[in-house]
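Below is one structure, written out as structure tokens, with a few remarks after it.
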Amino acid sequence: MKLIIANWKMYLGVKESIALAKKTFSRKNETVICPSFIALSEVKKVLNKGVKLGAQNVSWQEDGALTGEVSAGMLFELGCKYVIVGHSERRRFLKEGDLVIREKLKAVLAKKITPIFCVSDLKELVVLNDLVAEKLVVAYEPVWAIDTGKIPTMDEISDMHKKIRIRVMKSIKNFRVIYGGSVDENNIEKIFVTPGVDGVLVGGASIKLNSWRKIICG
Ligand code: PGA
């Protein structure tokens, strides 16, 4: 069973998120949708059987005077099972660095939510040093492949997944390594059969109904 995660980024409002969530199914794979914060509670109400809810971001703190932030506890209350942490768009545009990403991972794990920890290279795995995690998803997302229509060769994906696996298994037992970056209905099949790939994180193609349908239905 593969893990298929939709990252709707800042694309869909509440109505559009509800409509797409209703058309999202979890058949032979495990499907997760990560709408924007504003749509989480409404999307939760319409999720089809087996489809899980995820968030795109989280605060590094449990609570406090942090205007505009959303805590892991709040996401847990809404029924989130996954949270994306360390996405390259946040690293780039919001200058999120290893320190804050590590604190976010800890905050998420403390609430028994599974982090989807995004890395674009092996160096970024340093954040996991000495981190105690019951469950983890590592998403290998080369920055140049995000939203560009370009993807690495399957050999490159397999090689990176193997290296990530070797590094993560030193400290964490229960983890999956997924690929992200320009995944669509045309490349999903070959990505799925690539050795070491446990699933995919899908951005742009997850908000287009036809592409998304093909991806989740296989
Ligand atoms: P993309 O985005 O599929 O649009 O390239 C993936 C991601 O940013 O997670």
Side-chain angles (χ1 to χ4, degrees), residues 2-13 16-17 20-21 23-24 29-37 39-40 43 51-58 75 80-97 101 104-105 108 113-122 124-125 127 136-154 156-157 160-161 164 175-192 194 196-218:
K2 301 284 187 191
L3 178 61
I4 304 178
I5 303 173
N7 175 8
W8 288 349
K9 307 196 180 189
M10 198 177 69
Y11 283 116
L12 309 178
E16 292 165 315
S17 298
L20 192 52
K23 292 178 181 144
T24 298
N29 297 306
E30 179 183 351
T31 310
V32 179
I33 46 186
C34 304
S36 77
F37 281 146
L40 284 171
V43 163
V51 180
K52 293 179 186 146
L53 191 65
Q56 297 177 21
N57 183 33
V58 64
L75 296 177
C80 288
K81 302 285 184 228
Y82 292 86
V83 181
I84 298 173
V85 175
H87 193 281
S88 63
E89 285 154 8
R90 299 195 62 84
R91 291 180 197 255
R92 185 172 158 217
F93 299 119
L94 295 141
K95 306 288 173 243
E96 282 190 7
I101 290 170
K104 287 182 176 204
L105 288 174
V108 170
I113 301 175
T114 305
I116 304 158
F117 173 46
C118 302
V119 296
S120 56
D121 60 40
L122 295 172
E124 289 170 353
L125 291 170
V127 170
L136 181 76
V137 173
V138 179
Y140 168 53
E141 297 207 301
V143 181
W144 57 266
I146 295 178
D147 201 25
T148 58
K150 295 183 194 140
I151 60 165
T153 65
M154 295 308 119
E156 280 161 356
I157 292 179
M160 275 303 285
H161 278 233
I164 291 171
F175 70 93
R176 283 174 286 183
V177 186
I178 65 174
Y179 170 78
S182 295
V183 174
D184 62 23
E185 68 279 24
N186 302 313
N187 57 34
I188 185 81
E189 257 175 62
K190 61 180 181 184
I191 294 173
F192 270 176
T194 299
V197 175
D198 297 322
V200 285
L201 178 54
V202 191
S206 72
I207 55 168
K208 295 180 205 126
L209 182 59
N210 280 343
S211 312
W212 182 227
R213 236 190 217 143
K214 286 181 189 151
I215 292 168
I216 53 178
C217 294

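As the structure lists them, so they are numbered: ligands from 1, and atoms in each ligand from 1. Counting from 1, the numbers follow the sequence of the chain as shown. These numbers come from a predicted model, not from an experiment.
- Using a 4.0 Å cut-off to heavy atoms of N7, the atoms of ligand 1 that qualify are 9 (O).
- The single protein non-hydrogen atom nearest to atom 2 (O) of ligand 1 is K9 NZ, 3.2 Å, given as residue, atom name and distance.
- Counting the atoms of ligand 1 from 1 in the order shown, those under 4.0 Å from a heavy atom of G203 are 1 (P), 2 (O), 3 (O), 4 (O), 6 (C).
- Side-chain atoms of N186 and K214 form no donor-acceptor pair, as typed in the model, at a separation below 3.5 Å.
- Given atom 4 (O) of ligand 1, the protein heavy atom at minimum distance is G204 N, 2.8 Å.
- Residues R91 and I101 are in side-chain contact: their nearest non-hydrogen atoms beyond the backbone lie under 4.5 Å apart.
- Between S182 and D147, the closest heavy-atom pair is OG-N, 3.8 Å.
- Proximity to L201 (heavy-atom distance under 4.0 Å) selects the following atoms of ligand 1: 9 (O).
- Between T194 and H161, the closest side-chain pair of non-hydrogen atoms is not below 4.5 Å.
- Using a 4.0 Å heavy-atom cutoff, S182 is listed among the residues neighbouring ligand 1.
- Ligand-side atoms of ligand 1 in range of G181: 5 (O), range being under 4.0 angstrom from any heavy atom.
- Atom 9 (O) of ligand 1 has E141 OE2, 2.7 Å as its closest protein atom, hydrogens excluded (heavy atom only).
- Salt bridge annotation for E30-R176: present, with a cationic side-chain nitrogen under 4.0 angstrom from a carboxylate oxygen.
- Listed by number with element, the atoms of ligand 1 under 4.0 Å from a non-hydrogen atom of H87 are 7 (C), 8 (O), 9 (O).
- Residues L75 and L40 have side chains in contact (heavy-atom distance under 4.5 Å, counting atoms from C-beta outward).
- A heavy-atom distance below 4.5 Å is found between the side chains of L3 and Y82.
- With a 4.0 Å heavy-atom cut-off, ligand 1 is reached by the backbone of I146 and by its side chain too.
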